[in-house]
Amino acid sequence: MPSVPPLPPAPPDPRLSLDVLTPAARAWLDEAVARVAAEPSAIRALFPAARRHCGRASLNEHWSTDEAARAVLLTSLPLRGKALADEVADLYRHGDPAEQRAVLRALPLLDDLDDLDDLAADGSHGSYGELTLSLVREALRANDTRVIEAALGPYAAARLPQPEYRQAVLKCVFLDLPLTRVTGIDARADHELVRMLADFAHERIAAGRTVPTDVWPLVRRFPDIADTLATRARSLAPTRPEAVARALAALGEGPAGTPPQEEV
């Protein structure tokens, strides 16, 4: 069994990324934060306006300026438990894709604020965690790869049940979304997920198609799966020689004991 790396940390504090804002944008955001803190419902008008006032420039691998500004607004909400989850869900469900990405990226920050013991009175809605995890599930049912990427961030890496995580990763490879963009993939890739990826690779080889290069390192982590895939691939050599040669090279089964290679 390969060693399992730890899950990645929560995203960086968005406030620390917003020192690039213009004075006018900073003044707007400061006023917006104060309004949300005083009247939570104000976020419904301010959240969509963040891009217009703060721009959309990329700040780092996690935030753009509008996403960071929206995350700041979300963390300014003086709500907890179900009330917080309901407000966040409304913003997500009424938002455009950029607003939805901001909600999804901010979920780990809101998780830190939540009182997980605050349940709906009738027990029908569950905790904050279940309500917000439902947003991740909604995002994963869509076909917008940028929304799916945002959904598979630190929050999903820490909280999405393993069967659902496996299906989400498999959807990523079918949509050609690089697995390097899936947060926590190294920690969450268990034997069953890698077996599923190997089956996907076999289907690609049988069709004479290219297998995404980021599938191979995961398959090689489990020698039994890699060996089985190599055996299955060899049986396809008469009809798919080029695809089989690429796969065997990627699995470290190249000629004359050559080392493993990435597929090109």
Side-chain angles (χ1 to χ4, degrees), residues 1-11 61-62 108 133 136-137 139-141 143 145-146 148-264:
M1 178 73 181
S3 60
V4 178
L7 287 172
E61 64 179 7
H62 196 88
L133 199 54
V136 173
R137 294 183 174 115
L140 294 176
R141 288 195 291 270
N143 288 317
T145 56
R146 297 181 68 190
I148 292 172
E149 178 184 345
L152 289 173
Y155 189 80
R159 302 192 65 150
L160 194 65
Q162 192 68 11
E164 295 176 70
Y165 189 86
R166 295 186 194 117
Q167 291 299 324
V169 171
L170 203 60
K171 182 170 184 173
C172 288
V173 294
F174 276 108
L175 293 176
D176 293 322
L177 178 63
L179 296 184
T180 53
R181 299 181 188 174
V182 177
T183 303
I185 183 70
D186 288 336
R188 295 290 304 265
D190 61 3
H191 191 276
E192 178 60 15
L193 172 54
V194 175
R195 185 199 62 76
M196 295 164 68
L197 291 173
D199 285 345
F200 164 82
H202 180 260
E203 291 175 4
R204 285 287 184 104
I205 297 164
R209 300 178 62 190
T210 299
V211 178
T213 58
D214 49 12
V215 167
W216 297 118
L218 296 174
V219 172
R220 291 197 300 264
R221 285 172 55 185
F222 293 88
D224 62 321
I225 295 176
D227 290 346
T228 299
L229 179 57
T231 299
R232 296 172 74 191
R234 288 191 186 95
S235 70
L236 300 170
T239 56
R240 300 297 186 189
E242 293 181 358
V244 170
R246 290 195 302 266
L248 293 178
L251 289 169
E253 300 286 338
T258 53
Q261 303 171 37
E262 290 297 335
E263 187 177 354
V264 297

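Along the sequence shown, residues carry numbers from 1. Excluded from the calculations below are hydrogen atoms, water molecules and symmetry mates; all remaining heavy atoms, backbone and side chain alike, are included.
Residues Phe200 and Val219 are not in side-chain contact: their nearest non-hydrogen atoms beyond the backbone lie 4.5 Å or more apart. Inter-residue side-chain proximity for Arg246 and Val211 is flagged as unmet; no heavy-atom pair is nearer than 4.5 Å. The closest side-chain heavy-atom distance from Ile185 to Asp214 is not below 4.5 Å. Here the side chains of Leu179 and Pro212 are not in contact, with every heavy-atom distance at 4.5 Å or above. The closest side-chain heavy-atom distance from Leu193 to Leu170 is not below 4.5 Å. Residues Tyr155 and Thr183 form no side-chain contact, since every pair of their non-hydrogen atoms from C-beta on lies 4.5 Å or further apart. Using a 4.5 Å heavy-atom cutoff, the side chains of Val194 and Arg221 are not in contact. The side-chain heavy atoms of Val136 and Leu140, taken from C-beta on, include a pair separated by under 4.5 Å.
Between Leu218 and Ala189 the shortest heavy-atom distance is CD2-CB, 4.0 Å. For the residue pair Pro11 and His62, the shortest heavy atom distance occurs at CB-NE2, 3.1 Å. Closest heavy-atom contact between Ala233 and Val244: O-CG2, 3.2 Å. Across Arg166 and Asp190, no two heavy atoms sit closer than the pair NH2-OD2, 2.7 Å. Residue Val182 comes nearest to Cys172 through the heavy atom pair CG2-SG, 3.9 Å, listed as atom of the first residue, atom of the second, then distance.
Note on Asp176 versus Arg209: no salt bridge recorded, every NZ/NE/NH1/NH2 to OD/OE distance being 4.0 Å or above. One finds a salt bridge joining Glu192 and Arg195 here, because a Lys/Arg side-chain nitrogen approaches an Asp/Glu carboxylate oxygen to under 4.0 Å.
Atoms CD1 and OG1, on Ile205 and Thr239 in that order, are 11.0 Å from each other to the nearest 0.5 Å. A distance of 10.0 Å separates OG1 of Thr231 from CG of Leu251, quoted to the nearest 0.5 Å. To the nearest 0.5 Å, the span separating CZ on Arg146 from CZ on Arg181 amounts to 9.5 Å.
Among residues at least two apart or in separate chains, there is no ring-ring contact (aromatic ring centres under 6.0 Å, His included) pair with a member in residues 233-252. For residues 228-239, the pairs satisfying salt bridge (Lys or Arg N to Asp or Glu O under 4.0 Å) are Asp199-Arg232, Arg234-Glu253, with sequence neighbours left out.
Applying the side chain to side chain contact (heavy atoms under 4.5 Å, CB included) test to Ala150 and every residue at least two apart in sequence or in another chain returns Arg101, Leu104, Arg105. The side-chain hydrogen bond (donor to acceptor under 3.5 Å, both in side chains) search around Gln167 returns none, not counting sequence neighbours. Taking Pro223 as the reference, nothing meets the side chain to side chain contact (heavy atoms under 4.5 Å, CB included) condition, with sequence neighbours excluded. Partners of Tyr165 according to the ring pair (Phe, Tyr, Trp, His ring centres under 6.0 Å) rule, which considers only residues two or more places apart in sequence or in another chain, do not exist here.
More than 12 heavy-atom neighbours from other residues, nucleotides or ligands sit within 6.0 angstrom of CZ on Arg137.
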Working note: Leu229 + Phe222, criterion side-chain contact (heavy atoms from CB on, under 4.5 Å); need CA distance, chi angles, decisive distance, verdict. CA-CA 11 Å; Leu229 179 57; Phe222 293 88; over 6 Å; no

Would you sort out whether Leu177 and Lys171 count as a side-chain contact (heavy atoms from CB on, under 4.5 Å), showing the intermediate values? CA-CA 8 Å; Leu177 178 63; Lys171 182 170 184 173; over 6 Å; no

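Listed for the Arg204 side chain is a donor-acceptor partner under 3.5 Å among the backbone atoms of Thr210. Judged by distance alone, the side chain of Glu149 and the main-chain N or O of Pro178 form no donor-acceptor pair under 3.5 Å.
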